[in-house]
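Nothing fancy with the numbering, it's 1 onward along the sequence. Keep in mind the model is a prediction, meaning the values are calculated, not measured.
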Amino acid sequence: MSKRDFYDVLGVSKGASSDEIKKGYRKKAKELHPDRNSDNPEAESQFKEANEAYEILKDAEKKAAYDRFGHAAFESGMGGGQRPGQGYGGGDFSSAFSDVFDDLFGDFMGGQRGGGGRRAARGADLRYNLRITMEDAYSGLQKTINVPTAVACSACDGNGAEGGAEPSTCPTCSGMGKVRAQQGFFTVERTCPTCSGLGQIIKNPCKSCGGQGRVEKDRALNVNIPAGVETGTRIRLAGEGEAGMRGGPPGDLYIFVEVQAHELFERDGTNLYCRVPVSMSKAALGGAIEVPTIDGGRGRVQIPAGSQSGRQMRLRSKGMPALRGGGTGDMFIELAVETPVNLTSRQKELLKEFEDLSEDNNPESHSFFSSVKSFWDGMKG
């Protein structure tokens, strides 16, 4: 069977550039790879055909010969014979495929595309624990914090070389950042041991940072803490973490908020709870009392006559604001009726008189307490 034109196989024109040829092969390799076409018996032969075409067209000399003589340029006597499993020119079947290995499997294996070595290592993310008062959590605040971190070295502009000189291409991986080993059909890649995958080496390291491209330093940062935060709230500051090595991108800074306990208020979401002491007379007769609020003001509450300890009253919209909008919570007041102590003689007389009047108005209660008193008197006797 006659061979198809190699340009047609890759879907490119005869005047295509090397980048266009590689792009065409990449597209065909992804489309026809046997692992992605288990239900198509013709995919493997078409994949090999695309591999064979790219093996010739990616090489400038072989491409020139093909453009001049066509397939005849690589038949026996002109371009060397073929061995089973090889394309024209004696090239290894997988050599062309390895050129786009990252493009095919980068999405699945997390690999990076291209041949310029991997990107410089990203800086580490940092955590900063920030304690604030409940009043600050209510109103929000601007705060300056000092963060010990690694920043880009000013002496070498972060590239790690003395005087800011350009690093040299790694001789082991030729700047790829990876070295490859052939194992049968598959190409196995690993990080270059010489340059640690950066694709570059520094012959004369910066004396200030030792070739790392960064130095330790305390940084002062202005942080905006929004109203409504609570313990556990996390605030991300993009790019404010450690500087990357040798010019790599910085990490992020995460601020974890802790709201201190309040001496008066307890918080549950956006609602606040507090316990307020009330005199016995005020609880019995009713009336208005003033209570402190989280905003520093005071709220007025009307207590119904005959209120008991544990009764809750509500002040609407006097709680905490919601972090991302959505209104404000309420403040719940729990009454704690206080028993008077250290009474004067006159106060005792009045309370005794009140007790007698209460017994006269409620004879059943008087009879009950008299029975209890007689029982205890009998026990004592």
For residues M280 and F354: do they belong to one hydrophobic cluster (side chain heavy atoms under 4.5 Å, members Ile, Leu, Val, Met, Phe, Trp, Tyr)?
no

Between C173 and V179, which heavy-atom pair has the shortest distance, and what is it?
CB-CG1, 4.2 Å

Could you tell me how the ring of Y25 sits relative to the ring of Y54: parallel (under 30°), tilted (30 to 60°) or perpendicular (over 60°)?
parallel

Surrounding CD of E42 (heavy atoms of other residues, nucleotides or ligands, distance under 6.0 Å), is the total greater than 12?
no

Tell me yes or no: between the side chains of D295 and T293, is some donor less than 3.5 Å from an acceptor?
yes

Can you name the nearest heavy-atom pair linking A53 to L10, along with the distance?
CB-CG, 4.0 Å

What pairs meet the side chain to side chain donor-acceptor pair (under 3.5 Å) rule with one or both residues in residues 249-261, with sequence neighbours excluded?
R122-D252, R236-D252

Distance-minimising heavy-atom pair for C153 and S208:
SG-CB, 3.9 Å

Can you confirm whether R68 is buried at CZ, in the sense that more than 12 heavy atoms of other residues, nucleotides or ligands lie under 6.0 Å from that atom?
no

Under 4.5 Å between side-chain heavy atoms, hopping through other hydrophobics if needed: is there a path connecting F332 to F265?
no

Does any pair with a residue in residues 274-287 pass side chain to side chain donor-acceptor pair (under 3.5 Å), and if so which ones, sequence neighbours excluded?
R275-E334, S279-S281

Nearest atoms (heavy-atom pairs only) where V259 meets T231
N-OG1, 3.0 Å

Under the criterion side-chain contact (heavy atoms from CB on, under 4.5 Å), which of L253, V147, I255 is the partner of V223?
I255

Could you check whether K48 pairs with E52 (Lys NZ or Arg NE/NH1/NH2 to Asp/Glu carboxylate O, under 4.0 Å)?
no

Under a 3.5 Å threshold, yes or no: a donor from one side chain and an acceptor from the other, between N129 and R127?
yes

Ion pair present between R346 and E349, side-chain N to carboxylate O less than 4.0 angstrom?
yes

Please find the pair of heavy atoms, one from V229 and one from P226, that lie closest to each other, and give the distance.
CG1-O, 3.2 Å

The single option from V257, L141, L130 passing side-chain contact (heavy atoms from CB on, under 4.5 Å) against D136:
L141

Residue pairs meeting side chain to side chain donor-acceptor pair (under 3.5 Å), one or both in residues 143-157, sequence neighbours left out, come to T144-N222

Geometric class of the Y7/Y66 ring pair [parallel <30°, tilted 30-60°, perpendicular >60°]
tilted

If you count every heavy atom of other residues, nucleotides or ligands that lies below 6.0 Å from Q142 atom CD, does the total exceed 12?
yes

Basic-acidic side-chain contact under 4.0 Å: K63, D67:
yes

Which atom names give the shortest non-hydrogen contact between V9 and K28, and what distance separates them?
O-CE, 3.4 Å

Verify the cluster assignment for L264 and M320: are they in a single hydrophobic cluster under the rule of side-chain heavy atoms below 4.5 Å apart?
yes

